[in-house]
Amino acid sequence: MFAYELDRRARAAGLPIASILTRPGVGVDAKTPERPGIRDSSVAYRRNPYTPWAQGKDAAAWSGVRALVDPDATGGEFYGPKRVAGPPVRLDPSAHTARPGAGVAERIWVELEELAGVTLPVPRG
């Protein structure tokens with residue numbers, strides 16, 4: 001909800017930023033290519049029940065990469081694999097998350113500012 005509200009406020013304020021949401025799916029060590037310090041003998045093996053369906057952590061990062069570099073990606077969009085693994089595609093968000101009831105996003109915004117101890121200077125539209 002916060003990310004969608006951030007995008008709404010940024011647009012309303014005419015700011016040159018966009019809030020694009022992503023989810024990585026499931027990325028596990030066992031499917032991550034070996035790289036020093038990331039997946040090598042120094043990284044402890046952890047059994048993971050999702051391994052048969054998951055992807056490596058390198059592939060899981062592609063949703064965020066797409067949101068950053070896809071020239072067609074716009075604020076308020078949501079990217080991730082269709083299921084737990086796969087290439088990032090544009091997804092339909094849950095309506096209660098993207099378009100919550102009246103006042104819900106504002107209350108969450110205020111509560112998050114209080115919890116973080118900061119005020120975000122993005123005016124409400």
Side-chain angles (χ1 to χ4, degrees):
M1 285 185 205
F2 178 82
Y4 289 110
E5 180 64 10
L6 174 60
D7 191 67
R8 282 189 285 273
R9 288 180 181 216
R11 286 174 189 251
L15 299 174
I17 62 171
S19 178
I20 302 172
L21 295 83
T22 69
R23 69 171 173 83
V26 178
V28 297
D29 287 331
K31 291 196 173 178
T32 302
E34 290 199 23
R35 291 192 179 95
I38 296 172
R39 182 173 181 256
D40 60 20
S41 61
S42 70
V43 178
Y45 174 78
R46 291 186 181 94
R47 186 178 166 100
N48 188 318
Y50 293 106
T51 298
W53 305 280
Q55 59 196 348
K57 292 180 179 180
D58 57 326
W62 280 110
S63 297
V65 173
R66 179 172 181 187
L68 285 169
V69 302
D70 184 340
D72 295 325
T74 61
E77 291 183 334
F78 177 38
Y79 291 91
K82 284 185 182 179
R83 295 200 170 104
V84 296
V89 297
R90 185 169 185 255
L91 301 169
D92 291 324
S94 300
H96 72 276
T97 302
R99 295 172 300 286
V104 173
E106 176 67 22
R107 288 194 309 271
I108 288 174
W109 186 281
V110 170
E111 186 67 26
L112 288 173
E113 284 182 326
E114 289 176 11
L115 287 169
V118 298
T119 300
L120 298 173
V122 181
R124 186 172 180 211

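Every heavy atom of this structure was used, including side-chain atoms; hydrogens, water molecules and symmetry mates were not.
- Every pair tested for side chain to side chain donor-acceptor pair (under 3.5 Å) that includes a residue from residues 17-27 fails, sequence neighbours excluded, so the list is empty.
- The side chain to side chain donor-acceptor pair (under 3.5 Å) test applied to R99 returns no partner, not counting sequence neighbours.
- Residues that satisfy the side chain to side chain donor-acceptor pair (under 3.5 Å) test with Y4, not counting sequence neighbours, are absent from this structure.
- Across R90 and R66, no two heavy atoms sit closer than the pair N-NH1, 4.1 Å.
- The backbone N or O of A54 sits less than 3.5 Å from a side-chain atom of K31, completing a donor-acceptor pair.
- In this structure, CG on L112 lies 11.5 Å from CG on L6, to the nearest 0.5 angstrom.
- Within the 4.5 Å cutoff, the side chain of W109 has heavy atoms near those of the V122 side chain.
- Heavy-atom minimum distance, G25 versus Q55: CA-NE2, 4.4 Å.
- Counting only heavy atoms from C-beta outward, the side chains of E5 and I108 never approach each other to under 4.5 Å.
- With sequence neighbours excluded, no residue forms a ring pair (Phe, Tyr, Trp, His ring centres under 6.0 Å) with W62.
- The hydrophobic cluster containing I20, built from Ile/Leu/Val/Met/Phe/Trp/Tyr side-chain heavy atoms closer than 4.5 Å, also comprises Y79.
- In terms of heavy atoms, D58 sits closest to R35 at CB-NH1, 3.9 Å.
- A67 and A73 get closest at one heavy-atom pair: O-CB, 4.2 Å.
- Scanning both residues, T97 and P100, for their nearest heavy atoms gives O-CD, 3.7 Å.
- Side-chain atoms of R83 never come within 3.5 Å of backbone atoms of W53 as a donor-acceptor pair (strictly under, hydrogens ignored).
- Closest non-hydrogen pair, P123 versus A13, comes out as CG-CB, 3.8 Å.
- No chain of hydrophobic side-chain contacts below 4.5 Å, direct or via other Ile, Leu, Val, Met, Phe, Trp or Tyr residues, connects L21 to L120.
- The stretch residues 101-123 participates, sequence neighbours left out, in these salt bridge (Lys or Arg N to Asp or Glu O under 4.0 Å) pairs: R9-E106, E106-R124.
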